[in-house]
Structures are given as structure tokens and as C-alpha cells.
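Chain naming here is simple, since letters A, B, ... match the order of the sequence lines and numbering starts at 1 in each. All values below come from the heavy atoms of this structure, side chains included, with hydrogens, waters and symmetry mates left out.
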Amino acid sequence: MFVLRPACVHDLPAIERLAAASPVGVTSLPADRQVLLERILASENSLAAEVGFRGEERYFFVLEDSQSGELAGVCGLNAVAGFNEPFYSFRNEALVHASSELGIVNHIHVLSLCHDLTAHSLMVSFYIRPDLVDTPESELLSRARLLFAANWPARFADTVVSAMLGVGDKEQGSPFWDSVGRVYFGLDYHEAEALCGARGRKFLGELMPQQPVYVPLLSDEAQSVMGEVGDDSLLPYDILSREGFESENYIDIFDGGPILLGRLSSLYSVAASCVLPVEIAPSAGECELFLLANQRLQDFRALVVPGVLVAGRLQLDSEAVAALGVCAGENVRAVPLWQTQERSA
Amino acid sequence: MMFIRPIRFQDLDGLMELARSAGVGLTSLPVNEERLTRRISRSMLSFAGDLERADQGYVFVLEDGKTGRIGGICALEAAVGLKEPWYNYRVGTMVHASEELGVYTRHDTLFLSHDHTGYSELCTLFLHPDYRVNRNGSLLSKSRFLFLAQFAHLFGKITVAEMRGVSDAEGRSPFWEALGRHFFSIDFAKADYLTGIGQKAFVAELMPKHPVYIDFLTPEAQAVVGKTHENTRPAVAMLEAEGFRYEGYVDIFDAGPTVQAYTQDIRAVKESQLLSVVLADPLPEGEHPHVLVANTSLSGFRVVMGQFPQDGTSVLLTPQAVQALEVNEGDFVRCVPVNPTEKIV
């Protein structure tokens, strides 16, 4: 059974291995021991803190195989996307250039460097072992964060954002970067990503254009990948899209990948979840998979197990209840893993 | 004898013929009777002192004294941009640097500007191919400097001249293809024609308002920013010899350079002198530098060119010159050597 729990310091070597396997571009998961250690400590402090108003808290979770103790994935959730510094993105907006005299109406797209998403909460650092892609476990890893946020609404903003990796690969780099970022940085995509992963993204403000960039002037390759999801993010994109996240007009300033936005209260795992008591029962026939989370903070646990709803109580087997770290009769947050239309499909 | 004088209504037929021989290249000289009539009318009102500065435009023709034929045209605008905005791109520099990252990049950037508002302009220079002999080009072009010198109060402190930018044999401008086309959805010739005939509102409506990094233009376009069309290079060389300089302003359509000089610092303005007329028939033997000679009348302005001997107070003129200039012995005329290198003996 896989259980999601907060990361702790002795997870460091395993997290480091996962980070090394993660694709370039996940700047919030650099394979750098010091950076990762700081992330873990920050998460522990965040969970221990009493939060009157959200700020610098960053939560970091791991997916653990409870039998073997091996870690199979990591994910993070930041209370605000940019604390003490702006969270940069490009806003893709259309300017209408019209001349009634000439009968010309042109919609000219421009990319404006903006801080619009700074105050939203941010999902980061999603990485799961390849053999668990497109399984209930990958749903668990991504969506457990939403249940956590639903449990602690004061710790998070109403809107959650998540940046998808854009089109590009290790060999060829990013067409969007080559047309935009390279101009200002004079660096390769990988070099820039590495620098920003290790040393933060404050350089962006110094180096990126303060004036809007006219999209028609970019290379065709760059234009064609703007807002397109790269292969490495197809999984989170699929999961978050089903949750109700949408790509609006924001794209990543490095690779042009879309930034998804979702209103926490209307996302499926939040809106359809309910808080109800569990009871231990032997496995029943009419089972469906539930995404479950306890309501603890430092001892947060989430998992996906079969269960049965009986008269406002959720029946689980004893192993699941134990893995959740709750006692019989204690409330948990639960949501059917699949939405109705997915179950019928 | 060839001489320069203000244009008048009787010149319309001659002007139409000039316009026909100029072809489509010179948009300020359209083969359009109505437009040319209006241009003549505006010039005549300007010479009569009946227009405010914003509307004043002075047009001169080169007349062949023997035949009465019109051999060329040149003009001065008193002040550009006072009624409608006058557009240029200023080629500025933007530096993107981060000391910590060791990144330093420098970018030429096009800023839409109205910086030349209120400046005077040398414009509409065209010499019929039949008359491209005997320094007629110099007479035609430089006669305007004597007008600027004599009537300084009518003109701005700085005088500009827009040089034709680079285009290929089909009239396609690489700069336009890389930039303007995206914003105008019309071709260069049409855009150029529309501005030539004074329809400039569409420029403001359709142009990019934000600075444009030259890095985003095609290499072909980048290469022609501030470069003069091959056929116009002699004109630039002449203006440079007179003290005009390229100060980083280029045309918004073809990126041809605008050259500029403080009006009173133009060589032919600064070095021109008022001398009294002494009749000589014939002129004394010997080599004398070519000089331009203008009378001091506004509405009856005339300029001739010849190898007229002069000292610090007087100039020897032939009867034909005196007749063409409509002056008498003892009148003051304004003289300057045609070329900077030809010193007064």
C-alpha cells in the first residue's frame, strides 16, 4: 500500500535519488542535497507553525510504499507562489490594433512579464516513479495536496496554480527558450534552469524584458509551443485538468508551458469530498476506490483504498485505517477516486 | 541658366511630368493632379505668410531658364509633427545583466518616438534624369540651405532628412517583412504610399506601441536598421559633408536612417555670407570655385550657381545671373561655396 505523508529529514537520500531522475525544468525539484534538505526543513517548520495568515510555508510530501518503506514519488505545495519575491510568468494577451480607415483589425498577441500569480498557492515538485504513472497512486500523489488544502483553508489561497513543463527535451532544449530567454540570458535552457533551480528565480526580474514581447516576432517554433504541455507534464496535466484546473493566459517564462489555475473550492477533490467517520469492516463486495486523508497536520496521511459508504460512515479494512493513522470513529476527508463519468467510462 | 524659385500654379503640368518620371518610388510626388495642386497651393500660401507654422511647407522648382521647363523639385517643411504625430523609431540600448549570474547582454531596441516634433525637414527631392548633369543636383538640394540661412526664423532649431531604407529590386523591404507586415496586414508599398499622401492615422492605430527588441527581427531585417538604400547613398554623403549626422533615428517602415543637424550649424548655412552684387560681363579670367547665390526675397526667392569670383564684401555676377536672381547691382545676395572643400579664394 502506498501512503502519502510529509517528508522528513531521513527521507533525504531517497528524495535525492528521485530528484536526480526527474526531468529538467522541474526547477522546484533540483537534485541538490542542500536545496532538498532546506525544502524538508521548511516543510517541517511549516507544519509545526501556527499560521495566522499564510506566507512562507512550503509543504513537501513523499509517497511511500508502506511494505518496503521505499519512496516512489514527491510533491510539494507552497502556501503562496511568491513569498518575499515575485512569482514571474508571462501573461499572453491580445492587443487589438484596428484602423477603421483601412478596414484592418489585427489581434496582436504580446507576452507581458507579470506577477499576477504571486499571491496564489502553488503546486510544485511533482515527480512519480515511471512504473506508477497513470495508476491510482499517481492520482494520490497529485491530489492528496488538494485534500490537505481543503483541510486547512486558512493556510492556502483561494486559487491554486501549477506550471506545466513546456515542449522540449534534454537533447534539444526548449524552442521557446531559444527564441525568448536565450536572447536575454545568453545561456542554454539547461544552464538557466539549473541556475534558477539552485539559486532561486530572482534573476528573472533582472534579466527578462520589462516590456511586452510581440508574439508575431518570435520564431514559428516558439509560437507553436506556447501554452503546449510537454511530454513530461502530460500526467499532471491530465490529473489536474480532470480536477477542474484550466489554462488561462499564463505561460512559463522559460519554456512557454501553460500555467494552470484552479479555484480550490470548486476543484473536484475538494468540492466532492466530505468529512465523515471511518469504521473498520471486513472487505465488502460493493467497493469503490476512495481518496482519503486524515485531518492531522504534522501526521498528515493520505491514501487510495477501497471502501463502502454505509449510513454516513466509511467502512475500511483495518490495514487502511491503521495506515491513515486514525482510530475507528475518527473523521477523515474522503472523495471517490474517480468522478461519476470516469467510473462509468 | 538654371535657377531655383518657389513653385507656382503654372508649374502643375511640369510637375505632373516630373511625377511621372519619378515612378512609384517617390511617394511624396504622386502622379495625382489634385494632390499636386494642393501641394502647390500650400507652398504658395506659405511663401505668402498666410499659414501657421504647423502647416508651412515650402516647395521649390529647378527651372531651365532657356526653355522654361521644370527640371526638378525640392522642398522644406517648416515644422513636422505639429498637427499629426511624426513617427520614428529611436534605436536605443537595453542592457540585461545579472552580476551574480555573470550574465551581461546588450540589446538594440526600437522605441517609437515623436522626438522630432517641431523640427524642420528636407523633403521631396527629385531631379529629372535629363538634368542630372552640371551639378544641378547640388544646386537643387543645397539651395534650401540658403533659404534656411536667410529665413531662419521660419524654421526649427534642428533640421532632419529621412533617407530611403534598404529594399530589393521588387521594392520589398526586409525590415518591413520582419516587423511592419505583422502589424499592418498590407504591403510596404501601400503603407508607404498612404503615409506619403499624408494618411498617417493608421500608423498610430496599427504600430507596436511597446519597444521592440531588434533581436526578434530576422537577420536580414537586423542588418538594414539605419542603413541607406544604395541609390540614396550619394545623398547621405552630401548631407554628411554638410554636417548632418545619423543619431539613431530610423524610419518606422523601412528602417532607413534619419539624419539631422542643428539648422544653424549646417555648413552651407553657417558659411553663407551676404555680399553685394557687382555686375561683370564677362567674368574675369581664372578658376573660381562654384558658389550658390540666392537673393534675399521670400516670395521671390531665387538661387543660381556658377563660378562667380567674390571677396569678403562683394560677388561678381554675370547679367544672366543677375537677371535670374531678379537683383540689381549693389543689392545684397547670400553666397556660399557649393562644396565644403572649395574654399573662398
Side-chain angles (χ1 to χ4, degrees), chain A residues 90-91 93-113 176-188 191-223 253, chain B residues 84 89 92-112 174-187 190-195 197-222 252:
Chain A
F90 273 137
R91 191 175 54 237
E93 48 198 7
L95 302 179
V96 178
H97 289 208
S99 165
S100 53
E101 215 174 319
L102 299 185
I104 292 174
V105 179
N106 282 339
H107 292 250
I108 305 284
H109 282 266
V110 296
L111 301 179
S112 302
L113 195 64
F176 185 78
W177 174 264
D178 286 344
S179 189
V180 182
R182 178 188 295 282
V183 170
Y184 301 103
F185 279 72
L187 296 175
D188 277 350
E191 293 173 313
E193 272 290 352
L195 273 173
C196 285
R199 299 162 80 170
R201 290 161 78 100
K202 64 183 172 181
F203 307 108
L204 301 178
E206 295 172 333
L207 292 176
M208 289 305 256
Q210 300 302 316
Q211 288 81 22
V213 172
Y214 286 99
V215 173
L217 303 183
L218 302 182
S219 69
D220 291 345
E221 297 77 29
Q223 291 188 44
I253 60 174
Chain B
E84 283 180 323
Y89 277 129
T93 301
M94 298 284 286
V95 170
H96 290 233
S98 165
E99 209 177 328
E100 208 175 331
L101 291 190
V103 169
Y104 181 99
T105 59
R106 192 177 152 155
H107 309 272
D108 282 341
T109 308
L110 302 172
F111 295 88
L112 201 59
F175 184 77
W176 173 265
E177 294 301 320
L179 182 64
R181 172 171 297 287
H182 296 298
F183 295 92
F184 285 86
S185 332
I186 52 179
D187 62 27
K190 172 128 192 246
D192 203 37
Y193 172 76
L194 290 169
T195 46
I197 64 174
Q199 281 188 31
K200 289 179 180 156
F202 76 92
V203 177
E205 291 162 345
L206 297 178
M207 283 304 279
K209 313 285 184 301
H210 300 292
V212 173
Y213 285 79
I214 288 179
D215 307 79
F216 291 131
L217 305 182
T218 58
E220 300 78 40
Q222 294 186 30
I252 57 172

A:Arg182 versus A:Asp178, closest heavy-atom pair with distance: NH2-OD1, 2.9 Å

Measure B:His107 against the heavy atoms of chain A and call it side chain, backbone, both or neither at under 4.5 Å. side chain

Should A:Gln211 and B:Met94 count as side-chain neighbours, where that means a heavy-atom distance under 4.5 Å? yes

Checking heavy atoms, do the side chain of A:Tyr214, its backbone, both or neither come under 4.5 Å from chain B? side chain

Under 3.5 Å: donor-acceptor pair, side chain of B:Trp176, backbone of B:Ala221: no

Just by modelled atom types, is the A:Ile104 backbone N or O under 3.5 Å from a matching donor or acceptor in the A:Ser99 side chain? no

By number, which residues in residues 207-217 of chain B have some heavy atom less than 4.5 Å away from chain A? B:Met207, B:Pro208, B:Lys209, B:His210, B:Pro211, B:Val212, B:Tyr213, B:Asp215, B:Phe216, B:Leu217

Out of B:Val103, B:Val95, B:Thr218, return the one with the most heavy atom pairs under 4.5 angstrom to chain A. B:Val103

Return the minimal non-hydrogen interatomic distance between A:Gln223 and A:Leu218, and the atom names on each side. NE2-O, 2.9 Å

Reference residue A:Pro212; test side-chain contact (heavy atoms from CB on, under 4.5 Å); the match among A:Val110, A:Ile108, A:Leu113, A:Leu111: A:Val110

For A:Ile253 and A:Tyr184: C-alpha separation, side-chain torsions, deciding distance, then whether side-chain contact (heavy atoms from CB on, under 4.5 Å) applies. CA-CA 12 Å; A:Ile253 60 174; A:Tyr184 301 103; over 6 Å; no

Any non-hydrogen side-chain atom of A:His107 less than 4.5 Å from a side-chain atom of A:Leu95? no

Tell me, for A:Leu207 versus chain B, whether the close heavy atoms (under 4.5 Å) come from the side chain, the backbone, both or neither. both

